[in-house]
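Below is one structure, written out as structure tokens, with a few remarks after it.
Heads up: numbering here begins at 1 and tracks the sequence. Here the structure is a predicted model, which is why all the values come from computation and not from measurement.
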Amino acid sequence: HKDPHYMSGRTTMVHLFEWKWDDIAAECERFLGPRGFGGIQISPPNENLAIRSRNRPWWERYQPISYRLVTRSGNEQQFENMVRRCNNAGVRIYVDAIINHMTGTWGENVGTGGSTADFNNWYYPAVPYGRNDFNSPQCVIQGNDYQCCADRVRNCELSGLKDLNQGSEYVRGKITEYMNRLIDLGVAGFRIDAAKHMWPGDLSAIYSRLNNLNTNHGFSHGARPYIYQEVIDLGGEAVSRNEYSSLAAVTEFKYGMELSRCFNGQNQLRWLVNFGPNWGFLASNDALTFVDNHDNQRGHGAGGNILTHKRAKQYKGAIAFMLAHPYGRPQLMSSFSFHDTEAGPPMDSNGNIISPAINSDNTCGNGWVCEHRWRQIYQMVAFRNVAGNTGINDWWDNGSNQIAFCRGGQGFVAFNNDNWDLNTNLQTCLPAGRYCDVISGEKRNNGCTGKVITVGGDGRAQIVLGANDYDMALAIHRGQDS
Ligand SMILES: O=C(NCCCOc1c(-c2ccc(O)c(O)c2)oc2cc(O)cc(O)c2c1=O)[C@@H]1CCCN1C(=O)/C=C/c1ccc(O)c(O)c1
Ligand SMILES: [Ca+2]
């Protein structure tokens with residue numbers, strides 16, 4: 001469950017948070033496929049409670065009312081169409097699976113597909129679930145439970161949510177029926193939401209009942225679903241990520257927290273020379289890495305002061321480092337604009353999600369940020385693909401916030417977070433030639449729209465990164481020589 005089954009030569013996933021299925025299918029064909037993206041995490045496709053009293057907050061997608069495939073993103077037919085078109089474009093689909101709980105009382109009781117439920121009696125007819133499918137006695141997780149009591153973290157309720165008993169054969173059956181339907185429709189794997197709140201033994205039993213991936217969608221025979229478990233664990237809690245990392249991959253929250261600290265100036269970039277397991281992170285193959293995610297980009301999630309698109313220069317620097325560095329399996333966040341941390345996606349007066357507009361310069365409009373369409377980001381996806389499974393070599397730093405390194409003989413990156421210019425002759429590990437910097441521009445016809453770096457026969461080049469340049473990174477790689 002630790003292999004994403006990306007199409008060959010692809011390495012990176014993007015979370016198209018709250019996108020509709022029809023728009024995702026189009027994005028696979030017009031952008032993500034051609035640009036070498038490996039996969040997409042989609043918002044939960046199962047029916048959720050429509051919380052109109054809170055003006056459709058983003059977290060209503062995490063309030064399941066049934067496993068019917070009908071949400072504001074689309075219905076089952078649109079879902080099937082998206083998976084087929086994305087797989088055909090070489091882009092895999094990963095489903096955000098909300099299997100720890102069902103919605104509780106939020107003053108509403110109608111789902112996005114019209115299903116209703118009687119929360120006070122734990123009755124969900126559209127599944128169906130009844131009282132003995134949930135943990136008892138009822139209890140609610142308190143703040144200090146995270147430090148003291150691993151059993152309460154698993155058996156008690158997250159805020160206002162009814163806590164399923166995954167130890168029950170019937171509940172396991174309903175969950176695996178839901179996940180196997182998605183596998184048969186062609187998805188490549190799952191994000192397991194709130195995994196920390198479920199027993200590893202129960203999750204293991206569920207994972208073992210999942211079908212192999214559907215060979216009609218280009219997966220090899222016997223391929224197992226890629227599973228990455230959301231375990232928010234920055235250390236010091238009763239529940240540890242190590243209980244889950246033997247079963248499948250785990251979200252490495254320390255990664256984005258530490259990288260944010262380096263690129264927002266709290267730590268010096270030179271410390272990144274041994275970034276990876278030496279910093280207490282999971283083994284590379286076990287780690288799903290990211291700078292920000294849908295929860296912590298809103299400020300109250302795990303990790304404290306996380307960089308997001310709102311601090312563009314530092315964010316692009318951190319993302320470029322994540323994509324240039326071999327550790328982990330990276331996921332990019334692709335957001336909608338927000339001021340209110342509860343706000344859901346852009347919607348019309350009927351509560352329908354508004355599609356992203358694609359501008360003439362290929363950026364997004366209509367309230368969608370589309371970080372994945374920023375040149376400094378999508379060009380580094382291509383860099384990571386070219387770097388393949390090479391390691392890091394020829395690390396250089398200036399003793400503070402100027403660093404550079406090679407990926408084998410495939411690529412070279414440099415970063416400058418000091419407030420004075422970087423202007424140094426460095427080893428790029430590349431064959432002699434003129435290379436386009438993929439951060440400040442791109443190769444067009446036979447020229448570069450941004451910086452041009454001339455590499456000599458000894459692989460060395462004069463690297464210039466001004467403290468006041470628009471971006472703090474510079475990257476060149478094979479195939480981008482002009
Ligand atoms: O103040 C809130 N929640 C209490 C503090 C955050 O606790 C939650 C955590 C949570 C937070 C920190 C932890 O260390 C942890 O183990 C769990 O995970 C969730 C997962 C869900 O699927 C649905 C949820 O409502 C939650 C949730 O409320 C607001 C209002 C309700 C939703 N929500 C939220 O803030 C929703 C947050 C949310 C939603 C989906 C996620 O995948 C997620 O990571 C967080
Ligand atoms: Ca639970």
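Classification of Asp469 and Lys451 as a salt-bridged pair holds, one side-chain N sitting under 4.0 Å from a carboxylate O. Taking 4.0 Å as the cut-off between side-chain N and carboxylate O, Arg54 and Glu60 do not count as a salt-bridged pair. With respect to the salt-bridge test (charged N to carboxylate O, under 4.0 angstrom), the residues Asp397 and Arg270 do not qualify.
Looking at Gln376 and Tyr470, their side chains never bring a donor and an acceptor atom within 3.5 Å of each other. For the residue pair Ser245 / Asp286, no side-chain donor-acceptor distance below 3.5 Å is found, with atom types taken as modelled. A donor-acceptor pair shorter than 3.5 Å cannot be found between the side chains of Gln427 and Asp394. When only modelled atom types and interatomic distance are considered, Asn359 and Thr363 share a side-chain donor-acceptor pair under 3.5 Å. Judged purely by distance below 3.5 Å, without hydrogens or angles, the side chains of Arg72 and Thr112 never pair a donor atom with an acceptor atom. Using modelled atom types and a 3.5 Å distance limit, the side chains of Asn305 and Arg311 yield a donor-acceptor pair. Looking only at atom types and distance, the side chain of Asp23 has a donor-acceptor partner in the side chain of Ser355 under 3.5 Å away. Side-chain polar atoms of Thr11 and Asn385 form a donor-acceptor pair below 3.5 angstrom.
Listed here is the closest heavy atom pair of Trp368 and Ile354: NE1-O, 2.9 Å.
Annotation: cation-pi pair Arg373/Phe31 present, NZ/CZ under 6.0 Å from the ring centroid and within 45° of its normal. Cation-pi geometry between Lys310 and Phe338 is met: the NZ or CZ atom falls under 6.0 Å from the ring centre, inside 45° of the normal. Cation-pi geometry between Arg92 and Phe219 is satisfied (NZ or CZ under 6.0 Å from the ring centre, within 45° of the ring normal).
In this structure the side chain of Gln462 reaches within 4.5 angstrom of the side chain of Asn423, judged on heavy atoms. With a 4.5 Å cut-off on side-chain heavy atoms, Tyr327 and Trp279 do not count as touching. Counting heavy atoms from C-beta on, the side chains of Phe415 and Leu272 never come closer than 4.5 Å. In this structure, the side chains of Met322 and Met380 stay at 4.5 Å or more apart for every pair of heavy atoms. Using a 4.5 Å cut-off on side-chain heavy atoms (C-beta onward), Asn267 and Cys262 make contact. Side-chain contact between Leu16 and Gln41: absent, with no pair of heavy atoms (C-beta onward) separated by less than 4.5 Å. Inter-residue side-chain proximity for Leu474 and Ile453 is flagged as met; some heavy-atom pair is nearer than 4.5 Å.
Scanning for ring pair (Phe, Tyr, Trp, His ring centres under 6.0 Å) contacts around Phe412 gives an empty result, with sequence neighbours left out.
Checked against a 6.0 Å centroid threshold, the rings of Phe17 and His15 count as neighbours. Outside the 6.0 Å centre-distance limit, the rings of Tyr255 and His325 are not counted as a close aromatic pair. Residues Tyr226 and Phe190 place their aromatic rings such that the two centres sit no closer than 6.0 Å.
Exactly one of Phe281, Trp395, Phe405 qualifies for a ring pair (Phe, Tyr, Trp, His ring centres under 6.0 Å) with Phe275. That residue is Phe281. The only member of Asp295, Asp193, Asn100, Asp96 that meets side chain to side chain donor-acceptor pair (under 3.5 Å) when paired with Tyr62 is Asp96.
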